[in-house]
Amino acid sequence: MPHFYTFVSFFDVYLVKYYYLMNMVNWLRSQLKRSFDRIRNENLKKNALQAIPFWIASIITGLIAVLYTKLFVAAESVTSFIFSQHAWMLFLISPFCFVTAWWLVHRFSPYARGSGIPQVMAAIQISSPKTNEIVDKLLGFRIIFIKVLSSLVMALGGGAIGREGPTIQIAASVYKIVYHMLPKWWPKIAKRNMMVTGAAAGLAAAFNTPLGGIVFAIEELTKTHFSYYKTAIFSSVIIAGLSAEALLGPYLYLGYPKLDGLSAVIFFGVALVAIISGVLGSGMSKLILFIFAWKAKFKFTHYHVLFVIGCALIMVFLAFFVNQEVLGSGKDIMEKTLFTSHKYVHWYTPLLRIGGPLFSFTTGAAGGIFAPALGAGASVGSLVASWFKVSDADTNMLILAGMVGFLTGVTRSPFTSVILVLEMTDRHNVIFHLILAGMVASLVSILIDKHSLYDHLKVQYIRDLNTVDQTETTEQVETVKL
């Protein structure tokens, strides 16, 4: 009984704190309304009120992105330390982490699985006043918490995942939450525009690539005319990026690779790398979709658990007996091949960097595919460079071309891929080389599949949500009849 009274007392204190917090929020709202009511210029008042939610959400996004980045890097560092000291322990740790990461998503938030970008695309497409409950399953508080927790556990287990896709879903959730907290008297803001802007700000904060975030929003997320909300997206991307930089400091995701004195015929090498990486990126996406379709036939939960354990053990087996390069997001491969004398990878490294995301992403846990795709592309470029024994500068060029090509093969967003790699390295003198890589990769990817991985997953999410919604409606009708 004493424990019960302690619990009740704690619950009462929590309610009192919540009551005072809500009163404070309501008081701030009323004060804000009175302040803006004093403004005589109606256009100024409306523009300011419409901009404030974007700015607030941008600051929150930047802060979350920084914290998430630090935690993710720490998780990967722990995995590397364990592997260097007691590699055999991963045979126990990785299966446990993989299953835990999958269970968190499966039990608490099914739509927090995977990258998060297809979920944002689906939320944007179906967003309307009638679909609020459906969109809430794709973006919200629970998504943020489970997304972060599951992906961190996955990274701790050595999963070949990235944090960039999850950051995009997290940021879109933040913007949607801020949107729903606006009082009724606030000037109307389109929820779809908030979510699109949030996704762009999330990508900008994750990679420190503001132009990449803007291009991503235009090319991948929406067909809406850009002029309708260009001010909101520009300001949000800038504020989110500055908020992240204020804590992390100005930085490049990769650095400044040497690209001086490129060969006059390197364009042919860029095209070759783009063809190979584009086909491999699209092929990996096709394999992921095939595995998802196969897993959909599982009738019992323990089948999923066994599959996740199997994926973890395969990853650890490859790391232990072949090479550690199969683990992690792949950023270390990019940094090693671009900035050290170890320019060339083993012939099997691209296979490992394709297999890693394949076995990690298909578990159903949270985790992105942006960084793993870049790592796989870098290994392809490095391997092709080793075939021809080109100079260090030309090797770096082929590595960057592979990154653009592979990411384009997965996302079918060549301009986003080009801008991201350019901003990661600050090497704008090779913009034409990278545009060539993006366009060639985009063209050859169609040979494997006409649609991107994100498009396929978006359609699947919308179909699943509609099925669940119809089932719930039918159950409610039957309950009323009874």
Side-chain angles (χ1 to χ4, degrees), residues 67-116 142-167 169-170 288 291-292 295 298 301-333 352-373 375-376:
L67 177 61
Y68 185 35
T69 298
K70 289 182 176 295
L71 292 173
F72 198 92
V73 171
E76 288 194 314
S77 299
V78 170
T79 305
S80 297
F81 175 78
I82 293 173
F83 188 87
S84 63
Q85 300 297 317
H86 306 285
W88 62 268
M89 290 182 63
L90 287 183
F91 282 100
L92 301 175
I93 295 172
S94 291
F96 174 78
C97 288
F98 273 49
V99 171
T100 302
W102 166 81
W103 177 80
L104 286 168
V105 170
H106 177 75
R107 174 65 179 83
F108 297 105
S109 186
Y111 294 101
R113 66 182 180 268
S115 165
R142 182 176 293 188
I143 288 288
I144 295 173
F145 182 74
I146 298 300
K147 197 81 179 180
V148 171
L149 188 59
S150 176
S151 59
L152 289 178
V153 173
M154 194 72 175
L156 191 62
I161 58 170
R163 59 179 170 79
E164 296 75 25
T167 304
Q169 189 179 14
I170 290 167
I288 288 174
I291 294 174
F292 279 149
K295 284 179 60 184
F298 289 177
T301 301
H302 68 268
Y303 289 174
H304 291 276
V305 175
L306 291 174
F307 174 81
V308 174
I309 293 174
C311 288
L313 290 175
I314 291 172
M315 291 274 292
V316 178
F317 180 89
L318 291 172
F320 193 85
F321 292 104
V322 182
N323 199 304
Q324 185 186 355
E325 292 171 338
V326 71
L327 303 176
S329 64
K331 187 178 179 181
D332 55 337
I333 289 180
L352 292 179
R353 288 315 310 170
I354 292 172
L358 196 66
F359 293 122
S360 302
F361 195 75
T362 55
T363 60
I369 205 167
F370 254 64

Peer 1: Backbone N or O of Ile288 within a donor-acceptor pair of the Thr362 side chain at under 3.5 Å?
Peer 2: no
Peer 1: Test side-chain contact (heavy atoms from CB on, under 4.5 Å) on Ile93 and Ile82; report intermediate values, then the result.
Peer 2: CA-CA 10 Å; Ile93 295 172; Ile82 293 173; 3.7 Å; yes
Peer 1: Keeping Arg353 on the side-chain end and Glu325 on the backbone end, is there a donor-acceptor pair under 3.5 Å?
Peer 2: yes
Peer 1: I'd like to check the side-chain hydrogen bond (donor to acceptor under 3.5 Å, both in side chains) partners of Ser329; sequence neighbours left out, ordered by chain and number.
Peer 2: Glu76
Peer 1: Backbone N or O of Gly328 within a donor-acceptor pair of the Thr79 side chain at under 3.5 Å?
Peer 2: no
Peer 1: Check the surroundings of atom NZ in Lys295: do more than 12 heavy atoms from other residues, nucleotides or ligands lie under 6.0 Å from it?
Peer 2: yes
Peer 1: Please say whether more than 12 non-hydrogen atoms of neighbouring residues, nucleotides or ligands are located less than 6.0 Å from CZ in Phe81.
Peer 2: no
Peer 1: Any side-chain to backbone donor/acceptor pair from Ser360 onto Ala160? Under 3.5 Å, distance only.
Peer 2: yes
Peer 1: Look at atom CZ of Phe96 and say whether more than 12 heavy atoms of other residues, nucleotides or ligands are closer to it than 6.0 Å.
Peer 2: no
Peer 1: Counting only heavy atoms not in Phe317, do more than 12 sit closer than 6.0 Å to its CZ atom?
Peer 2: no
Peer 1: Would you check if the side chain of Lys147 reaches a backbone N or O of Gly114 as a donor-acceptor pair within less than 3.5 Å?
Peer 2: yes
Peer 1: Quick check: are there more than 12 heavy atoms from other residues, nucleotides or ligands sitting under 6.0 Å from CZ of Phe292?
Peer 2: yes
Peer 1: Counting distance only, does the side-chain N/O of Ser150 pair as donor-acceptor with the main-chain N or O of Ala101 below 3.5 Å?
Peer 2: yes
Peer 1: Please indicate whether His302 has more than 12 foreign heavy atoms, meaning atoms of other residues, nucleotides or ligands, lying under 6.0 Å from its NE2.
Peer 2: yes
